[in-house]
Amino acid sequence: MTMLVHGLTFPFSISSHIQNLTIASSPSTRSTATPSASLFFSSNSASPCRSHASNDFSSVVFLGRRVLLSISSLLVCSDPFSRSLSMAMANQVLTLERYTDSKEGFTLLRPSSWIKVEKAGATVLFEEANKGSNNVGIVVIPVRISSLRDFGTPLFVADKLIEAERRKESTKEAQFISVSERSNKEGLQVYEIEYKVDSTRGGMKRIFSAAFVASKKLYLLNISHSDGLEVPLDKDKRMILEQVLHSFDVAPST
């Protein structure tokens, strides 16, 4: 989550698309009635737009995640030596170190060898050297809800995320793999979603996503790694990326 043409590109400014965006959760997606919630991705929005809950919700989750996705092309090496070298590089063991953003209020483990880069719209982004589409990114967005449950169930969130992926013109296939929910020590709910995307712009990728709401902010983590036939995601690296996923949490209070 094969060599890669440089890293993330952002086809739009997040500030212009966040403004006036409203989300309402759908009661029909849950077994018990839940009050609908309006989410404003801009605290100074005066007149939010209203639309159907399913489209709105997919826009919310997909907007934050899209800011973190790498829009790049996979260049598959044709000669055997280059493929072997790429395989060897892909199978290098990653080591993790703790990263904490006290200002935004989150913490996670991140690959120590990956480079922190500045990209418009991303709160923080770490890229593998020379493989920008292998990345870990976080975006933090103000909202008007206090619980992730106000969005919907984990499966509801996963369904809308996959639907949004499939609507992209560049997507050839989006395959849902799993969704789960966990709680931190304070009982904060965290949704975790795993899926694969085959894109004309980036080839086959494994995506690990996580989300939680705390202090009226939506925190979105996106881990993207190549997972094609030439250089598949090996078991050891997958385990390390899962550690990154599970470490995503609220920063400890000082």
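Since we're looking at a predicted model, the values are computed, not measured.
N135 contributes a side-chain N or O that, together with a main-chain N or O of S133, makes up a donor-acceptor pair within less than 3.5 Å. Of the possible polar contacts, one joining the S247 side chain to the L109 backbone as a donor-acceptor pair under 3.5 Å is found. N134 places no side-chain N or O within 3.5 Å of a backbone atom of K131 that could act as its donor or acceptor partner. Under the 3.5 Å distance criterion, the side-chain polar atoms of T171 are left unmatched by any main-chain donor or acceptor of R166. Side chain of R206 to backbone of D227: no donor-acceptor contact under 3.5 angstrom is found.
One side chain, Q189 or S147, offers a donor N or O that lies under 3.5 Å from an acceptor on the other. Between the side chains of S170 and T200, not a single donor N or O lies within less than 3.5 Å of an accepting N or O. With no hydrogens or angles considered, no side-chain donor-acceptor pair links Q175 and Y195 at under 3.5 Å.
Here the shortest heavy-atom pairing between A251 and T100 reads CB-CG2, 3.9 Å. Taking all atoms of both residues into account, the shortest heavy-atom contact from L148 to A211 is CD2-O, 3.2 Å. Closest approach of D234 and K237 over heavy atoms only: OD2-N, 3.0 Å. Residues S209 and L161 share a closest heavy-atom pair of OG-CD2, 4.4 Å. Looking at every heavy atom in both residues, V157 comes nearest to G152 through CG2-O, 4.4 Å. Taking each heavy atom of P154 and E181 in turn, the nearest pair found is CG-OE1, 3.6 Å.
Under the rule for a side chain to side chain donor-acceptor pair (under 3.5 Å), S215 has no partner lying at least two apart in sequence or in another chain.
Just one residue in the list L218, L188, D150, I141 forms a side chain to side chain contact (heavy atoms under 4.5 Å, CB included) with V213, and that residue is L218.
Annotation: salt bridge (Lys or Arg N to Asp or Glu O under 4.0 Å) contacts involving residues 212-226, sequence neighbours excluded, comprise E104-K217. Within the structure, salt bridge (Lys or Arg N to Asp or Glu O under 4.0 Å) contacts touching residues 169-179 (residues at least two apart or in different chains) are K172-D198.
Taking the charged nitrogens against the carboxylate oxygens, E165 and K205 have no contact shorter than 4.0 Å, which rules out a salt bridge. For the pair E194 and R238, the salt-bridge criterion is met [side-chain N within less than 4.0 Å of a carboxylate O].
Between L233 and S226 there is no side-chain heavy-atom pair separated by less than 4.5 Å. Y191 places none of its side-chain heavy atoms less than 4.5 Å from the side chain of R182. Here the side chains of R110 and R98 are not in contact, with every heavy-atom distance at 4.5 Å or above. For the pair M204 and V197, the minimum side-chain heavy-atom distance is 4.5 Å or more. Using a 4.5 Å heavy-atom threshold, the side chains of I193 and S178 count as separate. For the pair L108/V136, a side-chain contact is recorded, criterion being any heavy-atom separation below 4.5 Å from C-beta on. Residues F106 and V140 meet the side-chain proximity criterion, which asks for heavy atoms closer than 4.5 Å.
The OG1 atom of T107 sits 7.5 Å away from the CG atom of D249 when rounded to the nearest 0.5 Å. Interatomic distance, CH2 of W114 versus CD of E127, reported as 9.5 Å (0.5 Å rounding). In this structure, OG1 on T123 lies 9.0 Å from CG on L220, to the nearest 0.5 angstrom. Between N184 atom CG and F248 atom CZ the span is 11.5 Å, to the nearest 0.5 Å. Atoms CG and CD1, on L94 and I240 in that order, are 5.0 Å from each other to the nearest 0.5 Å.
Taking the six-membered ring for Trp and the full ring otherwise, F212 and Y219 have centroids separated by under 6.0 Å. Residues F156 and F151 keep their aromatic ring centres 6.0 Å or farther apart.
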Step-by-step side chain to side chain contact (heavy atoms under 4.5 Å, CB included) determination, V250 to E186: CA-CA 10 Å; V250 177; E186 289 73 35; 6.0 Å; no
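I162 and I177 fall into different hydrophobic clusters, defined by Ile, Leu, Val, Met, Phe, Trp and Tyr side-chain heavy atoms under 4.5 Å apart, directly or through other members.
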